[in-house]
Amino acid sequence: MIQTWQTSMNYRKIPQLVADELRPLEAYTYLLLASKSDYNTLESKVNQSTLAEQSNLDVKTIRNHLNKMENKGIVTVQRERKVGASGIFKFNTYHLSDENYSLISVDLLNEPIKKELIGFLVQLKLRCLNFTNLCRYSVRDLADTLPYSKSTVDRYLIEAEEKGYVKRDKQGIMLLDKNLFIVDEKSVYEITRELYPEILTDEDRRDHRVHN
């Protein structure tokens, strides 16, 4: 029987702009920032040094990524200064967007693959049909929607396929792990019925039968 995804707070809303405007390593940084945000308010007060430490990137790289996100309208930044016992210190509050989003588990950050591939998988999810894990774009068409070359897209797709994160066939590109790339039960059933009806059990069909 098709398994349903169990609701938890371990996912975040990732907006389409992450695919429209960022490169894969920057998309990885966005997912890391999102993982440090409040689930309800979409706000994060995380320090850049914390992001650098947890990503093994330097603070300058993190700062450049965050500045680009701000410039592209993916995050807004509230900058504040406070006076403490040791003097004046600065801190930022990052407000994340939930416009045209897809749901992605922050557990993706723990996968044993390079950061750029994690970022690419985030972007691939954002190019899937609404509420599915299926991307119908060709490699050329996919590259035309992302801010990097066809050869780069092709390289990441090959790597993702070799590592078991995607499957490619005549229908398109399918992300395989719905615990990382979130879809709802109805969408799972509908897309499976359309593309892979042979794997549906009688129980699946009975559970989704429409009664008049």
Side-chain angles (χ1 to χ4, degrees), residues 11-37 39 41-44 46 48 51 55 57 61-78 92-106 108-109 111 113-161 165-166 168 171-178 180-184 187 191:
Y11 65 90
R12 291 295 184 273
K13 298 173 181 178
I14 308 300
Q16 285 289 335
L17 283 171
V18 169
D20 295 341
E21 303 290 352
L22 302 183
R23 296 187 62 81
L25 187 58
E26 296 161 349
Y28 166 87
T29 299
Y30 184 89
L31 183 63
L32 181 59
L33 173 65
S35 76
K36 304 302 180 184
S37 69
Y39 172 81
T41 67
L42 305 180
E43 293 182 357
S44 175
V46 66
Q48 294 178 7
L51 294 176
S55 64
L57 298 171
T61 297
I62 292 294
R63 184 178 301 117
N64 288 340
H65 289 180
L66 294 174
N67 287 340
K68 182 175 180 179
M69 293 173 201
E70 184 180 14
N71 292 335
K72 296 295 184 179
I74 306 172
V75 301
T76 57
V77 184
Q78 180 181 346
N92 296 335
T93 301
Y94 300 94
H95 302 269
L96 282 66
S97 170
D98 62 352
E99 185 175 355
N100 299 321
Y101 66 84
S102 292
L103 299 177
I104 299 177
S105 171
V106 300
L108 181 59
L109 293 165
E111 291 295 295
I113 55 178
K114 65 186 181 183
K115 300 175 186 67
E116 290 86 352
L117 184 57
I118 290 174
F120 173 75
L121 290 171
V122 168
Q123 295 178 303
L124 181 60
K125 169 63 174 176
L126 293 168
R127 289 298 183 254
C128 289
L129 297 172
N130 288 341
F131 309 111
T132 78
N133 280 340
L134 176 69
C135 175
R136 288 192 180 275
Y137 288 124
S138 67
V139 175
R140 165 53 63 194
D141 291 340
L142 183 59
D144 286 344
T145 76
L146 297 170
Y148 41 94
S149 69
K150 176 181 177 295
S151 62
T152 301
V153 171
D154 201 35
R155 184 174 75 251
Y156 284 131
L157 279 174
I158 291 171
E159 187 173 354
E161 194 167 24
Y165 290 93
V166 305
R168 287 193 276 183
Q171 301 294 338
I173 307 164
M174 177 72 78
L175 286 161
L176 298 178
D177 192 337
K178 64 180 181 292
L180 296 176
F181 310 101
I182 310 303
V183 293
D184 63 33
S187 294
I191 202 67

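Given the structure is predicted, the values throughout are model-derived calculations rather than measurements. Every heavy atom of this structure was used, including side-chain atoms; hydrogens, water molecules and symmetry mates were not.
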> Mind checking whether D144 and R140 have side chains closer than 4.5 Å, heavy atoms only?
Replying inline: yes
>> Would L108 and S105 count as a side-chain contact (heavy atoms from CB on, under 4.5 Å) here? Give the steps.
In response: CA-CA 6 Å; L108 181 59; S105 171; 5.7 Å; no
> From Q48 CD over to T61 OG1, what is the distance, rounded to the nearest 0.5 angstrom?
Replying inline: 11.0 Å
> Which pair of non-hydrogen atoms, one from R12 and one from A34, has the smallest distance, and what is that distance?
Replying inline: NE-O, 3.1 Å
> CG/L103 to CZ/F131 distance, rounded to the nearest 0.5 angstrom?
Replying inline: 8.5 Å
> Is there a side-chain contact between E70 and N92 (heavy atoms, below 4.5 Å)?
Replying inline: no
> Would the F120 and Y28 ring centres measure less than 6.0 Å apart?
Replying inline: no
> Which heavy atom in S37 sits nearest to a heavy atom in S44, and how many Å separate them?
Replying inline: CA-CB, 3.8 Å
> Okay, side chain of E99, backbone of Q16: is any donor-acceptor separation there less than 3.5 Å?
Replying inline: no
> Does the side-chain contact (heavy atoms from CB on, under 4.5 Å) test come out yes or no for R168 and V139, once each step is laid out?
Replying inline: CA-CA 11 Å; R168 287 193 276 183; V139 175; 3.7 Å; yes
> OG1 of T145 to CG of D20: how many Å apart, nearest 0.5 Å?
Replying inline: 7.5 Å
> How far apart are the closest heavy atoms of Y30 and K13, and which atoms are they?
Replying inline: OH-O, 4.4 Å
>> Working to the nearest 0.5 angstrom, can you tell me the gap between I118 CD1 and I113 CD1?
In response: 4.5 Å
> Can you name the side chain to side chain contact (heavy atoms under 4.5 Å, CB included) partners of T152, sequence neighbours left out?
Replying inline: Y148, S149, R155, Y156
> Does any N or O in the side chain of K125 come within less than 3.5 Å of the main-chain N or O of T132, such that one atom is a donor and the other an acceptor?
Replying inline: yes
> Is there a side-chain contact between L121 and E111 (heavy atoms, below 4.5 Å)?
Replying inline: no
>> Are there over 12 heavy-atom neighbours, none belonging to K68, within less than 6.0 Å of that residue's NZ?
In response: yes
> Do K72 and I74 touch side chain to side chain, with heavy atoms closer than 4.5 Å?
Replying inline: yes
> Any side-chain heavy-atom pair from L31 and V18 closer than 4.5 angstrom?
Replying inline: no
>> Testing the basics here: between L96 and V75, what is the closest heavy-atom pair and its distance to 0.1 Å?
In response: CG-CG1, 4.3 Å
>> How close do V166 and L175 get, counting heavy atoms only, and between which atoms?
In response: CG1-CD2, 3.7 Å
> V77 versus M69: any side-chain heavy-atom pair under 4.5 Å?
Replying inline: no
> Hey, does the side chain of N133 reach the backbone of F181 with a donor-acceptor pair shorter than 3.5 angstrom?
Replying inline: yes
>> Could you walk me through whether L22 and H65 satisfy the side-chain contact (heavy atoms from CB on, under 4.5 Å) test, starting with their C-alpha distance in whole Å, then the side-chain angles of each, then the deciding distance to 0.1 Å, before giving a yes or no?
In response: CA-CA 9 Å; L22 302 183; H65 289 180; over 6 Å; no
> Are any non-hydrogen side-chain atoms of L142 and L124 less than 4.5 angstrom apart?
Replying inline: yes
> CG of N71 to CG of L66: how many Å apart, nearest 0.5 Å?
Replying inline: 11.0 Å
> Going by heavy atoms in the side chains, are E43 and Q78 under 4.5 Å from each other?
Replying inline: no
>> How long is the straight-line distance from CD1 of I104 back to OH of Y11, given to the nearest 0.5 Å?
In response: 12.5 Å
> Taking all atoms of both residues into account, what is the closest heavy-atom pair of A19 and Q123, and its distance?
Replying inline: CA-NE2, 3.7 Å
